[in-house]
Amino acid sequence: MDRLLEVRNITKRFGGLTAVDNVSMHVDAGEIVALVGDNGAGKSTLIKVVSGVYKAEDGEMHFLGKKADINTPKDALGLGIETIYQDLALAENLNVYSNIFLGREKTRKFLGFLNVLDHDYMFDESTKVLDKLEIKIPSLKSKIRNLSGGQRQAVAISRSTYWNAKLLIMDEPTAALGVAQQNQVLDLVRSLKNHGLGIILISHQMHDVFK
């Protein structure tokens with residue numbers, strides 16, 4: 001397997017509190033690595049360092065064999081590191097395909113000079129990525145607010161994979177989901193692994209980790 005991410009001796013402090021203390025880990029392509037611990041153990045702080053939200057005081061990171069200076073979320077996205085937080089960062093008033101392209105909307109010229117949203121392109125591309133991942137959503141024109149928790153998680157995952165993610169960080173992906181929806185999300189995680197993505201799965205549920 002190809003080494004995607006290597007974290008070496010990362011330490012993150014907030015004043016007198018050491019939230020992450022000299023942590024090292026690595027993730028390979030096609031591998032799922034779980035970060036497990038109680039609330040307050042430092043799991044989310046570590047992934048926020050990896051995703052560029054926080055800057056570590058000590059340690060370094062390597063991505064695809066090269067030292068990576070990840071100082072902002074944009075730096076992480078540029079490397080192919082996508083993070084799905086518990087709130088999913090979806091716009092509930094928009095439909096499925098608009099959320100997959102949220103912040104990176106496709107436009108086309110109208111009357112030769114006006115930029116307008118290219119809804120047909122975004123719909124077609126979103127259909128392709130959902131089909132690739134075998135995700136079933138009744139209508140891509142449905143508003144996010146009308147989807148189940150599992151379907152919302154699937155949309156967030158689809159958005160990340162469409163933008164060529166190499167490493168996907170998932171923060172408690174099965175939180176607040178029913179058993180059937182939890183199994184759907186975990187099946188999707190395994191599918192992403194089979195597509196060659198590296199995945200960091202944050203959880204405090206051991207049965208999810210073993211699945």
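Counting heavy atoms from C-beta outward, Phe123 and Lys141 have side chains that approach closer than 4.5 Å. Between Leu4 and Leu64 the shortest side-chain heavy-atom distance falls below 4.5 Å. In this structure the side chain of Thr161 never reaches within 4.5 angstrom of the side chain of Lys132, judged on heavy atoms. Using a 4.5 Å cut-off on side-chain heavy atoms (C-beta onward), Arg190 and Asp187 make contact. Residues Leu147 and Ser142 are in side-chain contact: their nearest non-hydrogen atoms beyond the backbone lie under 4.5 Å apart. Residues Glu92 and Arg152 are in side-chain contact: their nearest non-hydrogen atoms beyond the backbone lie under 4.5 Å apart. In this structure, His204 and Glu172 have side chains that are in contact, with non-hydrogen atoms separated by less than 4.5 Å. Within the 4.5 Å cutoff, the side chain of Leu5 has heavy atoms near those of the Ile200 side chain.
From Lys106, atom NZ reaches atom CD of Glu125 across 9.0 Å, with rounding to the nearest 0.5 Å. Between the CD1 atom of Ile157 and the CG atom of Leu168 there is a distance of 6.5 Å, given to the nearest 0.5 Å. Rounded to the nearest 0.5 Å, atoms CG (Asp21) and OG1 (Thr11) are 5.5 Å apart. Separation of atoms CD (Glu105) and CG (Asp118) is listed at 12.0 Å; rounding is to 0.5 Å. For the atom pair OH (Tyr97) and CG (Leu117), the distance works out to 8.5 Å, reported to the nearest 0.5 Å. Atoms CD1 and CG, on Ile47 and Leu35 in that order, are 8.5 Å from each other to the nearest 0.5 Å.
Under the 4.5 Å side-chain contact rule for hydrophobic residues, Val36 and Ile202 do not share a cluster. Residues Val209 and Ile199 do not share a hydrophobic cluster, clusters being chains of Ile/Leu/Val/Met/Phe/Trp/Tyr side chains in contact below 4.5 Å. In terms of hydrophobic clustering, with Ile, Leu, Val, Met, Phe, Trp and Tyr side chains grouped at heavy-atom distances under 4.5 Å, Leu133 and Leu130 are assigned to a common cluster. At a threshold of 4.5 Å between side-chain heavy atoms, the hydrophobic network of Ile, Leu, Val, Met, Phe, Trp and Tyr places Met122 and Leu94 in two separate groups. Residues Tyr85 and Val189 are members of separate hydrophobic clusters, defined by side-chain heavy-atom contacts under 4.5 angstrom among Ile, Leu, Val, Met, Phe, Trp and Tyr.
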So Asn71 and Lys55, side-chain contact (heavy atoms from CB on, under 4.5 Å) or not? Walk me through it.
-> CA-CA 6 Å; Asn71 299 309; Lys55 178 70 174 175; 2.8 Å; yes
Can you check side-chain contact (heavy atoms from CB on, under 4.5 Å) on Leu77 and Glu82, steps first, answer last?
-> CA-CA 6 Å; Leu77 291 172; Glu82 296 269 352; 3.5 Å; yes
Could you go through the side-chain contact (heavy atoms from CB on, under 4.5 Å) check for Asp75 and Asp69 one step at a time?
-> CA-CA 8 Å; Asp75 293 337; Asp69 292 320; over 6 Å; no
Would you please test Ile100 and Val96 for side-chain contact (heavy atoms from CB on, under 4.5 Å) and show each step?
-> CA-CA 6 Å; Ile100 290 177; Val96 171; 4.2 Å; yes
Show your working on salt bridge (charged side-chain N to carboxylate O under 4.0 Å, His left out) between Glu57 and Lys12 and close with a plain yes or no.
-> CA-CA 6 Å; Glu57 279 76 27; Lys12 175 61 184 173; 3.5 Å; yes
Show the numbers, then the answer: is there a salt bridge (charged side-chain N to carboxylate O under 4.0 Å, His left out) between Arg13 and Asp58?
-> CA-CA 9 Å; Arg13 302 183 186 90; Asp58 296 301; 3.5 Å; yes
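Minimum interatomic distance between Gln153 and Met170 (heavy atoms only, all atoms of both residues): OE1-CE, 4.2 Å. Closest of all the heavy-atom pairs between Leu102 and Ala89 is CD2-O, 4.0 Å. Ala165 and Ser160 make their closest contact through CB-O, 3.3 Å (heavy atoms, listed as atom of the first residue, atom of the second, distance). Taking each heavy atom of Asn115 and Lys109 in turn, the nearest pair found is OD1-NZ, 3.1 Å. Arg159 approaches Asn99 most closely through the heavy-atom pair CD-O, 3.0 Å. The shortest non-hydrogen separation linking Ser158 to Val129 is O-CG2, 3.9 Å.
Ser24 places a side-chain N or O within donor-acceptor distance of the main-chain N or O of Asn9, the cut-off being under 3.5 Å.
Other residues, nucleotides and ligands contribute more than 12 heavy atoms inside 6.0 Å of the CG atom of Asn93.
In this structure, the ring of Tyr54 has its center less than 6.0 angstrom from the ring center of Phe14.
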